[in-house]
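Heads up: the structure comes next, in structure tokens.
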Number of protein chains: 2
Amino acid sequence: MPTPPFPDDAGALPATPAFSPLYQQIKDLILQSLQQGEWKPGEAIPSEIDLAARYRVSQGTVRKAIDELAAEHLLVRRQGKGTFVATHAEQHVQYRFLRLVPDSGDRDANGPAQRTILECRRSRATGDIARALALRSGEPVVQVRRVLSFAGVPTILEDLWLPGGPFKGLTAEQMADYPGPTYAMFELEFGVRMVRAEEKIRAVAADEQQAALLAVSPGTPLLSVERIASTYNGLPMELRRGLYRTGDRHYRNVLA
Amino acid sequence: MPTPPFPDDAGALPATPAFSPLYQQIKDLILQSLQQGEWKPGEAIPSEIDLAARYRVSQGTVRKAIDELAAEHLLVRRQGKGTFVATHAEQHVQYRFLRLVPDSGDRDANGPAQRTILECRRSRATGDIARALALRSGEPVVQVRRVLSFAGVPTILEDLWLPGGPFKGLTAEQMADYPGPTYAMFELEFGVRMVRAEEKIRAVAADEQQAALLAVSPGTPLLSVERIASTYNGLPMELRRGLYRTGDRHYRNVLA
DNA sequence: CAGTGGTCTAGACCACGCT
DNA sequence: GCGTGGTCTAGACCACTGT
């Protein structure tokens, strides 16, 4: 199936050589299958040998493609068992996207966050929301406002905007009651897997309303975290604006 | 040279199998050469073929070791030229550790930062400084305070602590005058290459002195960024506490 | 035991950068 | 043209997981 990486057949010399290694083509094919839901989060994909046969390629080439996808956390290899589609529904990668940790470092000190849904309603995208979600102004979105508390202490105030199409039918109950990460619920209920995110972080002062919801004094410095999360194809599927109390917690980042 | 990955010779059954793949052993040997300065930042290391001969191993095994070191940004591969020791003295990786970017996104909008050194002196490690740098209380450190400005606007106020041994002789002039990243100067002048860093981020309010140095009103929310940077062997070689103005800039982070 | 991913090798050929 | 890293293959064997 994958064309061997020969120079183009047509006589016209291409401005871009458009050379793409075989393993890259295989990677794209696997990515396509993930995108189309041929293999769902948590499921095993076919063995390397099967994939090699399917794509008429050596096992080594498939291996290199899978290696890269595993490095990007789209797949997870498990020796002796197989290769699996990564999912947010795993104890072990639970907090891949939440960087706020207790100063003690012990993340599980006070268990999972309690969620309080303040609001969950359909609305229409304003200019900047639309821009962030690659929609047009006025297109339907789902808007959620919630507070996350740890050990009873309100710590994060978040607003979420989700594109109305893929998230049609999302309810406050779903947001509140699902046992596990919100992104795991998105996978299960809406078939949307968040794969990558970009965050912009600032320091801001709490206004009256924010202060009340987070039980701090107005003017308290808070971390403002704006996140755009995207799926396999790179299309943005969530805009999130959070305010983090950083009294006894901090945003942890590793530069490598 | 590298012992084949056979089970231990001794009869005692090991609690840890202590199995280490060949490429991992090669990786460690290369790392050791980097640590000992056999190849310096910016220089080329021997070709894969040479290394394969040196370690009595196939080229593929060396390749896998180098692949991982390149993924960790310790080495840089350049097709047709060779493999080089990574360095901070490169236009292209200039800002690998500075995550504060203009809201416009264009990092080079107002060129490199201007550095104002407020202080540069030898002192002795207090408890928490010592802990961060893996020293004992009272051991000598070099302490630097500086302001970074962009287009004339003071934006970052930083305190640096460096272990006194490796950084013996560091002067304010060196900190101020070196044309290029500070970490490049550390490589060149002190043979210390920063390889990894961990940051803890909080929101704080500017006090009187900080406000004056950053030309903002007291109480302005600022990003507090505490960084511990380490060398090849993982030993911490710098503690840095910065305060960032985030009026028209933000700390950018990618979650992948 | 069979099946999976993980390691190691050897060899052929390709793409790139330099001289 | 030569030397570098980059791709691709084929085959052997190891380590881990389940039956």
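Every heavy atom of this structure was used, including side-chain atoms; hydrogens, water molecules and symmetry mates were not. Chain identifiers are assigned alphabetically (A, B, ...) following the order of the sequence lines, protein sequences preceding nucleic acid strands; residue numbering begins at 1 within each chain.
Within the structure, a side-chain polar atom (N or O) of B:T61 is placed less than 4.0 Å from OP1 or OP2 of C:dT9. Checking the phosphate oxygens (OP1, OP2) of D:dG3, no side-chain nitrogen or oxygen of B:S47 falls inside 4.0 Å. Side-chain N/O atoms of A:R77 include one lying less than 4.0 angstrom from OP1 or OP2 on C:dG6. Distances shown here put every side-chain N or O of A:T83 at or beyond 4.0 Å from the OP1 or OP2 atom of C:dT4.
Protein atom CD1 of A:I66 is 17 Å distant from nucleotide atom P of D:dT7, rounded to whole Å. Look at CD1 on A:I49: it is 9 Å from P on C:dG3, rounded to the nearest Å. Residue A:E48 contributes atom CD, which lies 12 Å from atom C1' of C:dT7 at whole-angstrom precision. D:dC13 atom P lies 16 Å from atom CD of A:Q59, rounded to whole Å. Atoms CG (B:D50) and C1' (D:dG5) sit 13 Å apart, rounded to a whole Å. When the P atom of D:dC8 is taken as reference, atom CZ of A:R56 falls 17 Å away, rounded to whole Å. In this entry the distance linking CZ of B:R63 with C1' of C:dG6 reads 18 Å, nearest Å. Rounded to whole Å, atom P of D:dC16 lies 17 Å from atom CZ of A:F84.
Residues A:Q24 and A:K81 each lie close to DNA chain D; by heavy-atom proximity, the contact nearer the 5' end of the strand is made by A:Q24.
Taking the charged nitrogens against the carboxylate oxygens, B:R193 and B:E187 do have a contact shorter than 4.0 Å, which makes a salt bridge. Between A:E198 and A:K200 there is no salt bridge, since none of the side-chain N atoms of the basic residue sits less than 4.0 Å from a carboxylate O of the acidic one.
A cation-pi arrangement, defined by a distance under 6.0 Å to the six-membered ring centre and an angle within 45 degrees of its axis, is present between B:R78 and B:F84.
Across D:dC8, C:dT9, C:dC8, the shortest atom-to-atom separation from the side chain of A:Y23 is found for D:dC8. Each of C:dC8, D:dG6, C:dA15 was ranked by its minimum atom distance to the side chain of B:L22; first place goes to C:dC8.
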Exercise for the section: Give the intermediate values and the outcome of side-chain contact (heavy atoms from CB on, under 4.5 Å) for residues B:D67 and B:Y23. Expected result: CA-CA 10 Å; B:D67 278 346; B:Y23 77 85; over 6 Å; no
Practice task
Report the C-alpha separation of B:R99 and A:N253 in whole Å, then their side-chain angles, then the decisive distance to 0.1 Å, and conclude whether the side-chain contact (heavy atoms from CB on, under 4.5 Å) test is met.
Solution key: CA-CA 11 Å; B:R99 300 294 248 258; A:N253 196 26; 4.0 Å; yes
